[in-house]
Undergrad: 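Here you go, one structure.
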Amino acid sequence: MSRETIPAGTRTSRLLPEDIRSPVLDCSPHPMLIVDGRGNIEYANTALIRTWGLHDASHLVGGDVHRLWKQTDTVDRLLESAMTSGLATNVLDACHSLGTTFPVEIIARRLKSWQNGSVQIAFFVTCVTPEISQLQQELSESKRRLEESQEIAKIGNWELDLQQNILTWSDRVFDIFEVTPVQFGGTYEYFLDLVFPEDRDLVNSSFLDSLDKTRYYEVTHRIHTPTGKLKWVNERCKVFIDCDGQPIRCLGTVRDVTAQVETQRALQIANSQLRSIIDSHNGFVGLLDLEGRLIEINASPFKSNIANRSEVLGRALWETQWFSHHDSNQRKIKSAIQQVLGGRSLRFETTICNQANELVTHDISFEPLLDIEGNIINIATYAVDISQRKQAEVLLRESECFTRSTLDALSAEIAVLDETGIISHANRAWTEFTIACCTYWHTAPKGANYLELCRKAGAIGIKAASRLAQGIDDILEGRCTEFSVEHCCQTANGQQWFLSRGTRYPGGRRVVIVHADITSVKLAELQMEELRNQLVHASRVATMGEMAAGIAHELNQPLAAIRLYSEGGVEGISKGTLNGPELSAMLDKIAGLATRCGQVIRGLREFAMREEPRHVIIDVRDMIHEVLQFMGHECKCSGVNYSLDLGSNTQLVSANPIQLQQVLVNLIRNAIEALADHTRLGRIEICSQSTEDDRNITISVYDNGPGMSSETMSHLFDPFFTTKPSGLGMGLKISQTIVRAHGGTIHCNSEPQIGTTFTIQLPMASNVTNE
Ligand code: ADP
């Protein structure tokens with residue numbers, strides 16, 4: 001920064017050269033003194049010598065200035081104050097050479113910067129007459145008031161002596177700049193150094209301009225204090241000129257306006273933020289005066305044409321392009337504003353004519369804005385385009401209507417349970433069933449707690465009810481998303497079966513319950529079961545025919561033995577060759593053989609007997625042994641060896657044993673027949689075991705017969721498919737039907753010239769759910 005901020009001429013031309021200073025000052029009627037920085041008198045003019053009653057100045061020059069006054073402390077303060085701030089005044093009692101005192105007013109002024117080491121202080125003395133004393137008192141009173149006012153207004157004042165470039169600050173200015181009197185440089189440049197660098201040009205040019213044009217100026221700028229703070233100050237300055245029109249001094253005030261500037265800036269930011277928030281609002285935001293005229297409006301209603309904003313400001317809202325399309329609309333808006341002026345807030349639907357000249361449904365609201373005393377000062381209005389929402393509402397209503405009529409058209413009973421298990425919605429079928437069948441536990445009207453009903457029915461032993469309650473709980477607690485329970489009940493229409501399914505309602509803790517009447521399906525299943533049994537029975541009877549030769553052989557041998565024993569016994573008795581014990585042993589043998597014949601016949605009868613279908617838990621290994629009691633013999637007769645590998649653990653399945661036996665009989669018989677014309681020694685291997693996951697039991701029947709062609713394989717389970725001249729072609733079909741009815745599967749692996757394996761897989765008893 002240039003130090004040539006104050007014009008050089010202005011600063012120095014008024015200083016008197018040393019050699020002509022004494023004669024000039026001696027002409028002054030007022031006493032004057034010049035002392036150095038330590039208070040030693042350097043010069044005293046003639047008026048002072050005279051006023052103090054001294055003979056000449058020789059006694060004074062070089063001596064201590066304190067000797068001229070009574071109050072040495074006050075003199076010290078005066079000197080110190082003049083040194084630091086450049087100017088100080090006070091009233092002192094002067095000590096006359098005759099020993100008396102008289103009051104004088106002192107103006108002490110620093111002549112040069114005390115910092116450059118050659119400071120001088122000039123004392124201008126005015127003798128105080130009673131009138132002057134009075135005026136001084138008033139002056140000091142007025143100064144005191146001024147200072148107090150400045151203190152209250154937080155204004156400091158300063159003075160710049162342009163001739164000597166001496167800057168004088170009031171205490172308040174020191175406070176504002178946070179400078180101590182010791183730090184203070186006392187020149188214009190010192191002040192300029194404190195101005196924030198970016199504001200220096202502005203401050204300096206304003207100052208120079210005011211000197212140039214000798215006029216008042218005001219500038220607000222930033223300063224940085226020696227303590228590192230940034231402050232805003234407002235400076236006002238007046239320039240004084242001498243009789244030649246040259247500026248000689250400036251008087252100014254300085255005010256700390258940091259708080260105001262910061263508040264203003266915060267307000268500006270808040271305003272612009274508010275403006276951008278309102279402008280970014282998609283709808284219509286307007287501020288109205290009490291006449292309903294638009295004072296402010298956001299940008300959105302203008303879309304790209306924001307220039308139009310100023311055209312609508314000042315117009316009544318109902319007369320603007322958006323609301324003036326219809327009289328009734330205008331009346332509605334006008335009346336709304338009238339009601340808001342009565343203190344009410346209003347909200348209703350209206351149509352607004354948009355930029356494309358379309359009428360669009362809007363949700364509009366009016367709010368009174370109050371001042372702190374509760375008086376309405378403005379009206380705020382907001383309008384949002386709700387045409388899409390309205391459209392969506394219509395679609396939703398239509399969709400709800402469609403859903404309801406669809407649900408009502410369904411024959412299944414459907415209900416929705418809320419998170420507590422209460423039926424919140426039910427379709428027509430549910431309601432009708434509830435009315436028709438009001439005694440059954442699973443019928444409950446809308447509003448009833450279905451979950452509770454299921455729990456209560458479960459508590460009295462109805463298993464299906466407790467499974468339903470458990471399923472609903474699981475869905476509500478998020479443990480599963482669906483379940484199904486089959487149950488049967490006695491209704492007015494007779495026995496009915498239901499499949500109840502529970503599903504999690506999408507997007508909420510609710511459950512959809514659907515009861516489907518599966519009575520007809522169940523009856524069909526039962527009929528199927530009956531037919532299957534009939535078929536199995538027919539198949540068994542047919543099997544018996546095929547077994548007849550083997551059975552005849554089985555019976556023939558013990559019967560022939562019985563005949564021989566009987567004939568031997570008769571002969572022995574008639575010839576008397578048999579004694580009692582021999583006869584008794586012979587009769588025991590006959591009885592044993594007869595028992596064996598009886599066993600064969602009983603087995604045959606049991607096999608042929610028609611039994612009621614029933615499912616029981618059986619060990620597969622026992623079932624295999626039972627089958628081999630009568631099939632084993634057939635194997636022997638056919639020259640086929642068989643082996644068993646049944647494992648050591650129990651292999652429980654839930655099955656109809658007669659049906660399962662029939663499957664095994666069919667497979668063994670097919671194996672025997674396949675081996676009949678085969679040249680190799682026939683071998684059948686029967687295995688059973690549980691699967692690795694312990695969920696199923698597998699039974700396999702292997703024969704080392706000729707195997708099958710791929711053509712035969714592809715028709716294996718077709719009804720009436722046979723490659724045998726006298727075959728029926730139903731054995732494998734019946735077997736497959738039985739296995740599937742038991743929840744299992746049957747597969748075949750066959751390789752020509754290697755052999756054939758049929759494998760059955762059935763669920764283990766623990767994995768079977770008997771509904
Ligand atoms: P059927 O025994 O009356 O022919 P099946 O349904 O029991 O009827 O068998 C159908 C056909 O499957 C048989 O005709 C035979 O061709 C073939 N088949 C079944 N088991 C075997 C087997 N173990 N080895 C070779 N072929 C077999």
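Whatever order the structure lists them in is the order used to number ligands and atoms, beginning at 1.
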Undergrad: Can you sort out the partners of Asp517 under side-chain contact (heavy atoms from CB on, under 4.5 Å), two or more places apart, ordered by chain and number?
TA: Gln496, Phe498, Thr519
Undergrad: Answer yes or no: are there more than 12 heavy-atom neighbours, outside Arg455 itself, under 6.0 Å from its atom CZ?
TA: yes
Undergrad: Does ligand 1 have any N/O atom under 3.5 Å from a protein N/O, and what are those pairs and their distances?
TA:
| from | atom 1 | to | atom 2 | distance (Å) |
| --- | --- | --- | --- | --- |
| ligand 1 | 2 (O) | Asn670 | OD1 | 3.1 |
| ligand 1 | 2 (O) | Lys724 | NZ | 2.7 |
| ligand 1 | 3 (O) | Leu728 | N | 3.0 |
| ligand 1 | 3 (O) | Gly729 | N | 2.9 |
| ligand 1 | 4 (O) | Thr722 | OG1 | 2.5 |
| ligand 1 | 6 (O) | Gly731 | N | 3.3 |
| ligand 1 | 6 (O) | Leu732 | N | 2.9 |
| ligand 1 | 7 (O) | Asn670 | OD1 | 3.3 |
| ligand 1 | 7 (O) | Asn670 | ND2 | 2.9 |
| ligand 1 | 14 (O) | Thr722 | OG1 | 3.3 |
| ligand 1 | 14 (O) | Thr723 | N | 2.8 |
| ligand 1 | 14 (O) | Thr723 | OG1 | 3.2 |
| ligand 1 | 16 (O) | Thr723 | OG1 | 2.3 |
| ligand 1 | 20 (N) | Asn670 | ND2 | 3.4 |
| ligand 1 | 23 (N) | Asp703 | OD2 | 2.9 |

Undergrad: Is there a salt bridge (charged side-chain N to carboxylate O under 4.0 Å, His left out) between Arg397 and Glu400? Walk through the geometry before answering.
TA: CA-CA 5 Å; Arg397 267 200 298 277; Glu400 272 174 1; over 6 Å; no
Undergrad: Between His487 and Trp497 (judged by ring centroids, cut-off 6.0 Å), do the two rings come close enough to count as a pair?
TA: no
Undergrad: Only pairs at least two apart or in different chains count here, so list each ring-ring contact (aromatic ring centres under 6.0 Å, His included) that has a residue in residues 692-717.
TA: His715-Phe721
Undergrad: Which residues pass the side-chain contact (heavy atoms from CB on, under 4.5 Å) test with Arg504, not counting sequence neighbours?
TA: Ile475, Thr481
